[in-house]
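Have a look at the structure below, then the notes.
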Number of protein chains: 2
Amino acid sequence: MSMTTVGSYLTERLTALGVRHVFGVPGDYVLGYYDQLERSSLTVINTADEQGAGFAADAYARVNGIGAVCVTYGVGGLKLVNTTAQAFAEKSPVVVISGAPGIRERHRDPLLHHKIRSFESQLSIFREVTCAAVIIADRDSAQRDIDRTLAACLQHSQPVYLELPRDMVDATIELVERRAEPETSDSAALAEALAETAALVAAARQPVILAGEELARFGIYHDLPALMERTGIPAAVTTLSKAVIDETHPLFLGVYEGALGNESTRRFVEESDCLLVLGANLSDATLGINTARLDPATSISVSASRLTVRRHHYQDVRFVDFVNGLAGAISPRPRPHIENPPRPAAWLADRQAPITIARLFQCLNGSLERNITVVADVGDALFAGIDLVVEKADFVAPAYYLSLGFAIPGAIGVQLARPEVRPLVLVGDGAFQMTGMELTTAVRYGLDPVVILLDNEGYGTERPMLDGPFNDVVPWHYAKLPEVLGAGRGYEVRTEGELDDALAAALADRSGYSLLHVHIARGDLSPALQRMTSLMAERIR
Amino acid sequence: MSMTTVGSYLTERLTALGVRHVFGVPGDYVLGYYDQLERSSLTVINTADEQGAGFAADAYARVNGIGAVCVTYGVGGLKLVNTTAQAFAEKSPVVVISGAPGIRERHRDPLLHHKIRSFESQLSIFREVTCAAVIIADRDSAQRDIDRTLAACLQHSQPVYLELPRDMVDATIELVERRAEPETSDSAALAEALAETAALVAAARQPVILAGEELARFGIYHDLPALMERTGIPAAVTTLSKAVIDETHPLFLGVYEGALGNESTRRFVEESDCLLVLGANLSDATLGINTARLDPATSISVSASRLTVRRHHYQDVRFVDFVNGLAGAISPRPRPHIENPPRPAAWLADRQAPITIARLFQCLNGSLERNITVVADVGDALFAGIDLVVEKADFVAPAYYLSLGFAIPGAIGVQLARPEVRPLVLVGDGAFQMTGMELTTAVRYGLDPVVILLDNEGYGTERPMLDGPFNDVVPWHYAKLPEVLGAGRGYEVRTEGELDDALAAALADRSGYSLLHVHIARGDLSPALQRMTSLMAERIR
């Protein structure tokens, strides 16, 4: 039996699971643990606001497999409720660590600063947005609490909440030997489900894979091309799982989003008589505002939380085991003839022409280098971004929960998780005004995202649904931000020539962030966004 | 019986209760109600981020008696959890209105965008940080739900949560005649409590009033000078209730904060053998990190939630009735000899001398005009701010819950609630980096706060407790913000002469916000903050 402290044990377990950076803002209830983090092999990343830390940790978790954010009680933790809700809804495994008043301080329920209703209020709130939540209240149960909570984070690929009272950080614990208890599938159920799936595929005229975001979350998307090639089944993705397949793969069908997306993709998917939905969480936002026409009677759908074949369910079959078993179970079949999604036209700037959304994305399509990860915020940044052809690159966006302000802090998380990539941020002016100042965090840690700021003078996504002065924002001179932050480079972009020049300069400049202030005409929406907002406008009331 | 719609009824009730501005950021689930608000007599105030709207509404409620914030579901509402928790903890009556998926959309529990675990998740979360929370799910109960919730907001002077599904906004309701049901005190209990209090005061050698923030929240602080003058009892305030008394009143004892505050105030209050605690919520933060020595055996303590005389409690006595009854119940007594808190020395700039915290506040003390309301953020902005002598002015600060980033959006709320005042914002660099860009909202609505930005290169409050790189922030060139926002005026202040000139120019300039970037040496803390942090350092672990 070895001795350690609660704080050290938590740090050691986070490290063992792959965490290398912890995002957050310090405060007095968590200073002791911050001090310990500074002495550990983990790197503390301080953001300007806790919201930024939450978004950064979410993005980090999406590409790294696990992420962590550490803040103080109340004023810190409660700023993370929205970002944690997004991670929960989109299956991002974020460990939320909150400092708290010491257990010894809690007797007789005193009014300590930052406290709300009771010492359990914050725990109760986080229960709604995590898959496991605990206050580490006792040294005897600390190891079990930490192990169980971190295991749930990975098992469900969802956020968890660990509250660390400040007098527990240095509390000594005796480690007991941990029995590895890997969750296993019921092998008979697994075999039956695979056999039934294989039979349905064999009998089908046009089987199709709908590849979801959980393939990325559980780290098994690399095996997808082999599955497609061996079985001859083509695959589409959703807006939330864009980039789990190299989009130049010959069996790639495109991004399926009901009537909102590419028509040949829609037809091929909806005409399928055997749809394999692998780890996709289907919602109104990912399914084209309910224009999708998918038939449960001919679908096999598997995720971390359930396995459904047609109208019946299997228990105790792990998502990863089922997906890994498919290649061996399904008999190869001839590859169908498919129309690959349209390739973007080559980009040649008409240098004096004012820049439009369509032309901007055409330009970006021609400029995406292999080390680029696109991080898209909500709005046309996302909806037009969906049509970018992503090749060996990655694409990170909150395509279901749709929280504005994700992309700038998200890019910080992405680049820290994968130092070899360069984030290309697509963000609207409304979203930038929420969290754009987190560029200060890029400055602080020497990161160099390229920010494409789409300025269409307000909340452009809402105007076509219902317009009013509430959709306006103050026009900032975004390109002057480097003067305030003392670093980075800003560019004004009004024409195609200016875009060409600024993008080339930004991609060549690795000294810090670049910000391209792209002036879009107020009514200029991408075709995707036009289709989406006209459908949503019908539902405003 | 008259007919109206749910949305119109809510707007009408808010207006009748004194709301004139509604803060928020629109989103598709609330666009319908925003459209209705735009057509009403209420003014919509759009902030850059929902957090800013939450803080602005909190400050507005503190000085106006009620405030409102209106956002969309999930991505909007959940960004308000922290600001609402602060309003709850500090008794600020904020009405939180969240748009939501329509009731008809909720059948069969579909995955609609922005949804978390269930359609009740957001309600459950807000139950923890409000005194009443409801989903308006039904036209038959809508009027009762709205009436009951708004009544609770005013009765407890705490936030409430109203969730407005988008298909309820235009739902027609028949108004029933509302019976006014004013909450009344049990008159026998009230009489007994007042008589007992009067007897204890009469028998006491040195009765003292500790005047709390609820006197302001319930709008009865105006009567306090008359009570003091008639009974001859002097009064102190807490950090949370600073400015409920004109601090030049001859019976004003000062701000009581245990060993942290002025010594003569501490002595007079702690030597009292009959302490009348009127509407003060006493916590570690307001009581000098537990250095206060107050004896419950000789105290009478009344608030909206309880009335305690020595060690026993009275039920059903309203706070307002008890306080209003004191002047008639207590027999006049000779005024004691008291030492008024020290008046600040006259300010004369030593023009070349580098500016220090102590000298900055000495200068401000000499410059506070009568129409100034000080809005203090957390840090030395608050702790040194407590020592400003406030005369006929107001002072707004989150002195218990202590959420960084309150002051800039708070100033917007204050000036909209009271157009005749000019906010003087005291804010540190760490807090400014969280929410300072809400100055964009001041630009948008033509407000002109004077911002004193205390730049001590990071989280100066934490350094003396436990220092590390996590207490640093990137040094922004704050005075250049007007170039980004396209409005306002920035000043660099390093010497006393520059302070004099900049402050005079800022006070004379009513064209927009002024931002004074005051460079403080890194280790320069006010005496109040030095005492506080050395006490708090003992509790880090």
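When reading the values below, keep in mind they use all heavy atoms of this one structure, side chains included, and skip hydrogens, waters and symmetry mates. So that the names make sense, note that chain A is the first sequence line, chain B the second, and so on, each numbered from 1.
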message: When you compare the side chains of B/Asp49 and A/Gln51, does any donor N or O come within less than 3.5 Å of an acceptor on the partner?
response: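 Yes, because at least one side-chain N or O of B/Asp49 sits under 3.5 Å from a partner of the opposite role on A/Gln51.
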
Looking at [options], which makes the most heavy-atom pairs under 4.5 Å with chain B?
| options | answer |
| --- | --- |
| A/Leu37, A/Thr130, A/Val44 | A/Thr130 |
| A/Ser121, A/Pro165, A/Gly486, A/Ala89 | A/Ser121 |
| A/Leu481, A/Thr440, A/Thr83 | A/Thr440 |
| A/Gln122, A/Lys480, A/His477 | A/His477 |
| A/Gln86, A/Glu128, A/Met168 | A/Glu128 |

- prompt: Are B/Tyr73 and B/His113 an aromatic pair by the rule of ring centers under 6.0 Å?
  reply: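 Between B/Tyr73 and B/His113, the centre distance exceeds or equals 6.0 Å.
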
Just how far is it from atom [atom1] of [X] to atom [atom2] of [Y], taken to the nearest 0.5 Å?
| X | Y | atom1 | atom2 | answer |
| --- | --- | --- | --- | --- |
| A/Glu38 | A/Ser40 | CD | OG | 8.0 Å |
| A/Thr441 | A/Asn46 | OG1 | CG | 8.5 Å |
| B/Thr84 | B/Phe126 | OG1 | CZ | 4.5 Å |
| A/Lys79 | A/Thr72 | NZ | OG1 | 11.0 Å |

Using a cut-off of under 4.5 Å on heavy-atom pairs, state which of [options] scores highest against chain A.
| options | value |
| --- | --- |
| B/Glu438, B/Gln433, B/Glu120 | B/Gln433 |
| B/Leu80, B/Asp472, B/Val473 | B/Asp472 |
| B/Leu404, B/Leu402, B/Asn471 | B/Leu402 |

Checking [X] against chain A: side chain, backbone, both or neither under 4.5 Å from a heavy atom?
| X | value |
| --- | --- |
| B/Glu483 | both |
| B/Pro469 | both |
| B/Thr47 | backbone |
| B/Tyr34 | both |

Structural part of A/Phe470 lying under 4.5 Å from a heavy atom of chain B: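 Its backbone and side chain both get close to chain B.
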
field: Residue part contacting chain B, namely of A/Val378, when any heavy atom lies under 4.5 Å
entry: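 Neither the backbone nor the side chain of A/Val378 comes within 4.5 Å of chain B.
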
message: Has A/Arg117 got a side-chain atom pairing as donor or acceptor with B/Phe88's backbone, closer than 3.5 angstrom?
response: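 Judged by distance alone, no pair lies under 3.5 Å.
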
field: Positive for ring-ring contact (aromatic ring centres under 6.0 Å, His included) with B/His517, one of B/Tyr478, B/Trp476, B/Phe432
entry: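 That would be B/Tyr478.
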
- prompt: Taking side chain as C-beta onward, heavy atoms only, is A/Asn82 less than 4.5 Å from A/Tyr401?
  reply: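 Sidechains of A/Tyr401 and A/Asn82: in contact.
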
